[in-house]
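FYI, side chains are in, hydrogens and waters are out, and symmetry mates aren't considered; it's all heavy atoms of this structure. Atoms within each ligand, like the ligands themselves, are counted from 1 in listed order.
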Amino acid sequence: MKERKYLTLDPMGLTQRERHGYLLSAVAPRPIAFASTIDKEGRVNLSPFSFFNVFSSNPPIMVFSPSRKGTDNSTKDTHHNVLDVPEVVINIVNYPIVEQMSLSSTAYEQGVNEFVKSGLTEIPSDIVAPPRVAESPVAFECKVDDVISLGDQGGAGNLVICRVVKMHIDTAVLNEDQRIDTQKMDLVARMGGMWYTKASGATLFEIPKPLRAKGIGVDALPEHARMSNILTGNDLGRLGNISTFPDDSALAIAKEKLSAEPKVDDTLVHLQVHTMLQEGKTEEALALLFAYTD
Ligand SMILES: Cc1cc2nc3c(=O)[nH]c(=O)nc-3n(C[C@H](O)[C@H](O)[C@H](O)COP(=O)(O)O)c2cc1C
């Protein structure tokens with residue numbers, strides 16, 4: 001690994017604004033819970049929260065966090081609503097509704113319905129009282145099991161523990177097996193500052209992960225490969241994920257390939273291994289590395 005320099009910080013030595021900035025720019029991208037709730041009078045509220053994730057599938061539990069405002073320590077309508085009426089719909093946000101979602105985060109007065117302000121469509125839920133967003137690719141009707149306060153100062157989160165009791169999935173995002181097709185979801189996520197990211201098209205990639213077999217590990221690779229300036233961390237990770245060492249016939253083929261080269265050295269081998277990995281020839285690349293090292 002190349003030598004690196006670090007800026008090392010004590011989080012409580014920073015201002016709330018600085019701390020917020022570092023935390024949110026580093027812990028990203030974050031999915032967005034577009035939460036619909038109602039108050040005691042039954043008035044509807046819709047607001048986005050990127051302090052959000054799924055934490056359990058049995059029981060199905062999601063958590064999001066409406067924080068105390070860093071500027072004036074006030075609490076949010078969504079927070080009051082889930083304490084008064086412990087039900088919420090977590091609507092998933094994708095690219096076609098990202099601007100309307102952003103608009104809905106405006107601090108409108110209590111009782112203002114952000115479905116109306118953002119021009120999104122309310123549909124009644126099956127089990128819970130808050131309506132869901134018709135345009136969302138997936139909506140989760142939830143009962144709120146608990147609300148856990150993390151502090152009483154500006155910036156303190158309030159964990160809303162949500163148990164999913166119904167799921168609604170737009171059939172347009174399903175494949176033939178009735179499973180969600182990640183490419184069709186066209187999801188967006190929140191980064192630091194005003195940045196968002198799209199999770200679709202060329203930004204998506206797959207990493208083959210053997211479910212049962214264990215990878216040999218980067219530590220099992222020859223030292224010249226681990227110290228290479230050509231092979232990247234991703235190259236090493238991909239090679240270390242292979243579960244078996246190359247057999248004799250793979251090594252023989254690789255040796256023959258090397259013997260056809262006029263001059264064989266670390267640079268040539270690493271460049272070839274890097275190219276093979278780019279082409280998806282993972283086992284062949286590992287064989288070349290070990291054939292050269294032999
Ligand atoms: C994409 C996005 C993500 C947000 N995430 C959070 C969050 O995780 N926690 C939070 O307190 N506010 C978050 N906000 C700000 C709230 O949406 C905003 O304060 C909103 O006015 C709260 O509405 P409410 O008072 O009706 O609940 C986010 C805003 C946007 C646009």
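Here the side chain of Ser149 pairs a donor or acceptor atom with the backbone of Gly151 at under 3.5 angstrom. Judged by distance alone, the side chain of Glu141 and the main-chain N or O of Val128 form a donor-acceptor pair under 3.5 Å. Checking side-chain atoms of Arg190 against main-chain N and O of Ile32 turns up no donor-acceptor pair under 3.5 Å. A donor-acceptor pair is defined here as one N or O able to donate and one able to accept, closer than 3.5 Å; such a pair exists between the side chain of Ser125 and the backbone of Pro130. Proximity of a side-chain donor or acceptor of Glu135 to a complementary backbone N or O of Thr121 within less than 3.5 Å is detected.
Nearest protein neighbour of atom 24 (P) of ligand 1, counting heavy atoms only, is Ser47 OG, 3.4 Å. Summary of contacts: the protein heavy atom closest to atom 13 (C) of ligand 1 is Pro48 O, 3.7 Å. With respect to atom 30 (C) of ligand 1, the closest heavy atom belonging to the protein is Arg190 NH1, 3.1 Å. For atom 25 (O) of ligand 1, the closest heavy atom belonging to the protein is Asp77 N, 3.0 Å. Nearest protein neighbour of atom 12 (N) of ligand 1, counting heavy atoms only, is Lys76 NZ, 3.0 Å. Scanning all protein heavy atoms for the shortest distance to atom 11 (O) of ligand 1 gives Ser67 N, 2.7 Å. Closest to atom 21 (O) of ligand 1 among all protein heavy atoms lies Ser105 O, 2.8 Å. Ranking the protein heavy atoms by distance from atom 9 (N) of ligand 1 puts Ser65 O, 3.0 Å first.
Those atoms of ligand 1 that come under 4.0 Å of a heavy atom in Asn45, given as number and element, are 26 (O). Per-residue contacts place Thr78 under 4.0 angstrom from the following atoms of ligand 1 (heavy atoms of the residue considered): 24 (P), 27 (O). Contact atoms of ligand 1 toward Glu114: 26 (O) (distance under 4.0 Å to a heavy atom of the residue). Listed by number with element, the atoms of ligand 1 under 4.0 Å from a non-hydrogen atom of Pro66 are 11 (O).
Taken together through direct or relayed side-chain contacts under 4.5 Å among Ile, Leu, Val, Met, Phe, Trp and Tyr, Ile161 and Leu83 form parts of separate hydrophobic clusters.
Of all the heavy atoms of His79, none lies under 4.0 Å from any atom of ligand 1, so neither backbone nor side chain is involved. At a heavy-atom distance under 4.0 Å, only backbone atoms of Thr106 (N, CA, C or O) approach ligand 1.
When every heavy atom of Gln272 is checked against every heavy atom of Lys257, the shortest pair comes out as OE1-CE, 3.9 Å.
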List the steps and the verdict of side-chain hydrogen bond (donor to acceptor under 3.5 Å, both in side chains) for Arg132 and Asn91. CA-CA 7 Å; Arg132 62 188 173 96; Asn91 302 278; over 6 Å; no

Asp186 and Lys184: CA distance, side-chain angles, deciding distance, salt bridge (charged side-chain N to carboxylate O under 4.0 Å, His left out) verdict: CA-CA 6 Å; Asp186 202 6; Lys184 291 179 181 165; over 6 Å; no

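Look at Phe64 and you'll find every heavy atom at least 4.0 Å from all atoms of ligand 1.
The pair Asp145-Lys143 does not meet the salt-bridge criterion, since no charged nitrogen lies less than 4.0 angstrom from a carboxylate oxygen.
Here the two rings, on His224 and Tyr292, have centers that are under 6.0 Å apart. Note: Phe51 and Phe64 fail the aromatic proximity criterion, with ring centroids not under 6.0 Å apart.
At under 3.5 Å, a nitrogen or oxygen of Phe51, whether backbone or side chain, sits near a nitrogen or oxygen of ligand 1. Looking at Lys69 next to ligand 1, no N or O pair under 3.5 Å apart turns up. Annotation: Ser50 places an N or O atom under 3.5 Å from an N or O atom of ligand 1; distance criterion only.
Between the choices Phe34, Tyr108, Tyr196, the shortest heavy-atom distance to atom 31 (C) of ligand 1 belongs to Tyr196.
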